[in-house]
There are 2 protein chains.
Amino acid sequence: MQRIATMKDVAQKAGVSVMTVSRAFKQHASVSEDTRKRILGIAEELGYVFDSNAATFRTQKTGFVAVIIPSLNNANFADTTAALSTALKPAGLQVLLGYSNYDVHEEEEIVEQFLRRRPEAIVLTGGRHTGRTRELLRRAQIPVIETWDLPEDPIGHVVGFSNATTMHDLVGHLVASGRKRLAFLGGDTNGDTRGADRRRGFVAAMKYHGLSPDRLISVGDPPISMREGADAMSRLLRDHADTEAVICVSDLSAFGALTECARKGVRVPEDIAIAGFGAYDISAVCFPTLTTIDPHPAEIGRSAGELIVSLLRGGRSGKNDPVRIEIAPQLSVGGSSA
Amino acid sequence: MQRIATMKDVAQKAGVSVMTVSRAFKQHASVSEDTRKRILGIAEELGYVFDSNAATFRTQKTGFVAVIIPSLNNANFADTTAALSTALKPAGLQVLLGYSNYDVHEEEEIVEQFLRRRPEAIVLTGGRHTGRTRELLRRAQIPVIETWDLPEDPIGHVVGFSNATTMHDLVGHLVASGRKRLAFLGGDTNGDTRGADRRRGFVAAMKYHGLSPDRLISVGDPPISMREGADAMSRLLRDHADTEAVICVSDLSAFGALTECARKGVRVPEDIAIAGFGAYDISAVCFPTLTTIDPHPAEIGRSAGELIVSLLRGGRSGKNDPVRIEIAPQLSVGGSSA
DNA sequence: AATTCTTATGTTATCGATAACAATCAATGT
DNA sequence: ACATTGATTGTTATCGATAACATAAGAATT
């Protein structure tokens with residue numbers, strides 16, 4: 001069990017100064033090609049591994065971008081995170097990933113913990129946060145990007161879409177197909193802020209069409225599982241048997257609802273139409289396929305990543321003007337509402 | 001845009017030494033309760049945020065545990081990661097998460113990148129890695145834990161199960177139901193090492209029962225989507241119409257296969273039984289429910305996390321004996337093979 | 001009262017890299 | 001031949017916290 005090698009060890013063995021070794025490990029530093037090769041060879045020989053923490057400490061640039069998503073186990077957020085990570089990689093930035101369990105207080109805790117690591121930027125999911133979270137982020141003096149929402153009073157930058165507005169298209173589509181008695185399933189708790197926004201959008205859209213938005217079914221706190229979607233559908237069928245279409249807070253609950261219909265012998269879309277949200281894989285594979293909204297999760301991640309790179313490495317002049325990028329969600333009509 | 005406050009600033013304002021401030025931020029350090037409160041108050045007032053990087057640098061303890069999974073977008077690995085993260089948290093350890101895209105060379109790259117951050121331990125998914133990966137990890141002199149497999153020649157510790165062996169139970173169950181012409185869907189590429197192990201296990205189990213393991217359907221490289229499962233099923237039905245049961249490399253492909261049967265009018269389980277792997281949510285919700293194997297992903301994560309904590313913080317004496325923890329996967333019989 | 005023990009706090013050196021500046025040497029221009 | 005330039009390498013100070021040791025003052029012990 002010997003001590004881990006440092007640059008000093010490499011420098012000694014190579015007969016050069018530590019600075020020269022440091023340069024050999026950089027891309028554009030001025031070291032003769034001979035020396036560089038020799039040094040890297042010796043480093044490999046000694047099993048030397050560059051110490052990012054030491055470099056980070058000296059330069060005060062960690063290369064970290066903190067990313068907080070509600071849950072690891074969600075394909076939408078995973079897609080956003082993967083695309084974000086990919087966009088950051090060429091700039092030498094690394095994602096520090098945390099999850100909040102859909103709870104703004106847990107989010108606050110993680111933000112506080114992450115800020116101690118001195119990330120160069122931070123990406124949040126959603127536009128609702130505790131006052132302390134906002135204050136901590138304001139003080140941190142790093143780019144803050146809120147995603148998956150279009151908050152009215154953003155902390156900093158925004159890459160997202162309006163969850164409420166997406167419901168206008170969807171309700172419009174269902175109404176155009178002649179259906180009038182529409183229900184909304186989910187979005188009834190404080191925890192599910194995006195779901196609640198969608199529900200508000202549903203109510204607004206129904207009123208816009210002169211319809212009564214009184215078929216609102218609860219499902220409880222997120223994450224909302226397929227099972228919960230099935231249970232809620234069962235209640236809907238019991239309490240509002242004449243419903244003509246149901247919009248679910250996500251594709252997962254929509255799929256659960258779909259299976260419940262299969263079990264109950266309710267035909268989709270003949271007896272009832274079903275729509276979801278998120279364009280999860282399952283929406284395109286299940287039978288019938290699901291009508292859904294594709295919020296382009298990867299596009300959000302890529303866009304946020306590019307924004308961060310341009311803010312941190314692009315030498316932007318107007319660092320002070322917050323950027324607001326709107327990603328347009330897309331209605332995708334499937335067999336479940338044909 | 002003012003300079004970020006350091007401990008020195010807090011110390012000056014509080015009229016104490018930096019060391020006292022440092023102690024005030026620790027749990028068990030000897031500072032009078034009065035002083036501590038006063039210091040923390042001043043810190044808050046100044047907007048001081050503890051600098052983990054500096055502390056890390058001095059103590060040479062980063063508090064990072066590197067975790068590499070094949071893909072962010074996979075509920076099984078997400079469950080393992082979440083449970084791991086939860087188990088590490090009380091010990092003050094934080095997950096540094098990366099993904100390999102199911103590619104051992106990408107894995108090698110991430111391992112190399114992560115080691116520069118000096119994680120205190122590293123968790124890999126699977127038991128197959130490049131020679132260089134193994135060498136890098138050996139040199140790093142930190143606990144290495146391979147998961148989701150039981151490699152014959154592990155690098156260090158292991159928390160997992162034998163993918164091949166799980167197929168014995170499953171084949172046994174299907175054979176016991178009177179089915180003889182079984183097919184396996186997936187596991188045909190180098191990329192899908194765990195899938196390939198399952199396929200090998202399938203072949204071995206078939207031979208054990210004196211049956212011919214010649215119905216092997218390709219699906220390509222992971223991640224294997226529902227869609228690919230459906231496509232593969234379509235080929236199976238075309239080429240081996242008399243197949244009585246099919247085992248799919250995962251629940252996602254199994255579900256795709258299930259939907260394909262629905263489209264083709266093939267009844268499940270009457271005409272053909274279907275089984276998956278992974279006990280994903282969908283297996284319990286779809287209709288019919290899927291027969292599957294639950295590898296207890298969260299249990300793997302929890303167990304790996306506890307192992308790491310005991311290795312790093314528990315002051316284990318026998319640090320040198322590699323630990324091998326076997327998690328027993330569980331057969332879950334659903335309607336798809338009734 | 002003298003000694004020992006405790007508790008609270010201060011002092012100094014240090015972790016491993018890099019920025020900034022200095023120095024050396026060969027090549028080039030006049 | 002001499003000044004100038006450019007390429008390469010070296011020297012020194014430093015980032016912000018903490019370990020280890022030192023010290024001071026009051027409490028407990030004899």
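Atom set for the values below is all heavy atoms of this structure, side chains included, hydrogens, waters and symmetry mates excluded. Chain naming here is simple, since letters A, B, ... match the order of the sequence lines and numbering starts at 1 in each.
If you take NZ of Lys26(A) and P of dA19(C), they are 8 Å apart, rounded to a whole angstrom. Atom-to-atom, CD of Glu33(B) to P of dA8(C) comes out at 9 Å; the value is rounded to the nearest Å. Nucleotide dA17(C) holds its C1' atom 16 Å from the NZ atom of Lys61(A), rounded to whole Å. Residue Phe57(B) contributes atom CZ, which lies 14 Å from atom P of dA19(D) at whole-angstrom precision. When rounded to the nearest whole Å, the span between CG of Asn53(B) and C1' of dC15(D) equals 11 Å. With rounding to whole Å, Gln60(A) atom CD is found 14 Å from dT14(D) atom P. In this structure, CZ of Arg36(B) is placed 10 Å from P of dT9(C), rounded to the nearest angstrom. Per the geometry, CG belonging to Asp34(A) stands 16 Å off P belonging to dA7(D), to the nearest Å.
Between Thr59(A) and dA17(C) there is no side-chain N or O to OP1 or OP2 distance below 4.0 Å. Neither OP1 nor OP2 of dG16(D) sits under 4.0 Å from any side-chain N or O of Tyr48(B). For dG10(C), the OP1/OP2 oxygens have a side-chain nitrogen or oxygen of Thr20(B) closer than 4.0 Å. When the side-chain nitrogen and oxygen atoms of Thr56(A) are compared with OP1 and OP2 of dA17(C), none of them lie within a distance under 4.0 Å. When the side-chain nitrogen and oxygen atoms of Lys8(B) are compared with OP1 and OP2 of dG16(D), none of them lie within a distance under 4.0 Å.
Counting any heavy atom pair closer than 4.0 Å across all strands shown, Phe25(B) reaches no nucleic acid atom. Residue Met19(B) is classed as a base contact, given a heavy-atom separation below 4.0 Å to a base. Counting any heavy atom pair closer than 4.0 Å across all strands shown, Val21(A) reaches no nucleic acid atom.
Note: Phe25(B) and Phe50(B) have tilted aromatic rings, judged against thresholds of 30 and 60 degrees for the angle between ring planes.
Separation of atoms CG (Leu311(A)) and CD (Glu306(A)) is listed at 12.0 Å; rounding is to 0.5 Å. Distance CD1/Ile122(A) to NE2/His157(A): 13.0 Å, rounded to 0.5 Å. Distance check, rounded to the nearest 0.5 Å: CG of Leu312(B) to CG of Leu307(B) gives 9.0 Å.
When each of dA17(D), dT9(C), dG16(C) is scored by its nearest atom to the side-chain atoms of Thr6(B), the top-ranked nucleotide is dA17(D). Side chain of Met7(A), nearest nucleotide from dA17(D), dT9(D), dA17(C): dA17(C). Closest to the side chain of Ala55(B), out of dT9(D), dA17(D), dC15(D), is dA17(D). Of all nucleotides listed (dG16(C), dG10(C), dT18(C)), dG10(C) comes nearest to the side chain of Arg23(B).
Side chain to side chain, His129(A) and Glu107(A) meet the donor-acceptor criterion of an N or O pair below 3.5 Å.
Side-chain contact between Thr62(B) and Asn53(A): present, with at least one pair of heavy atoms (C-beta onward) separated by less than 4.5 Å. For the pair Asp149(A) and Thr193(A), the minimum side-chain heavy-atom distance is 4.5 Å or more. Phe77(B) places a side-chain heavy atom less than 4.5 Å from the side chain of Trp148(B).
For the helix from dA1(C)-dT30(D) to dT30(C)-dA1(D), the end axes, each set by the C1' atoms of five terminal pairs, are bent relative to each other by 30° (nearest 10°).
Toward the 5′ end of DNA chain C lies the nearest nucleotide of Val16(B), the other residue of the pair Val16(B) and Arg58(B) mapping further downstream.
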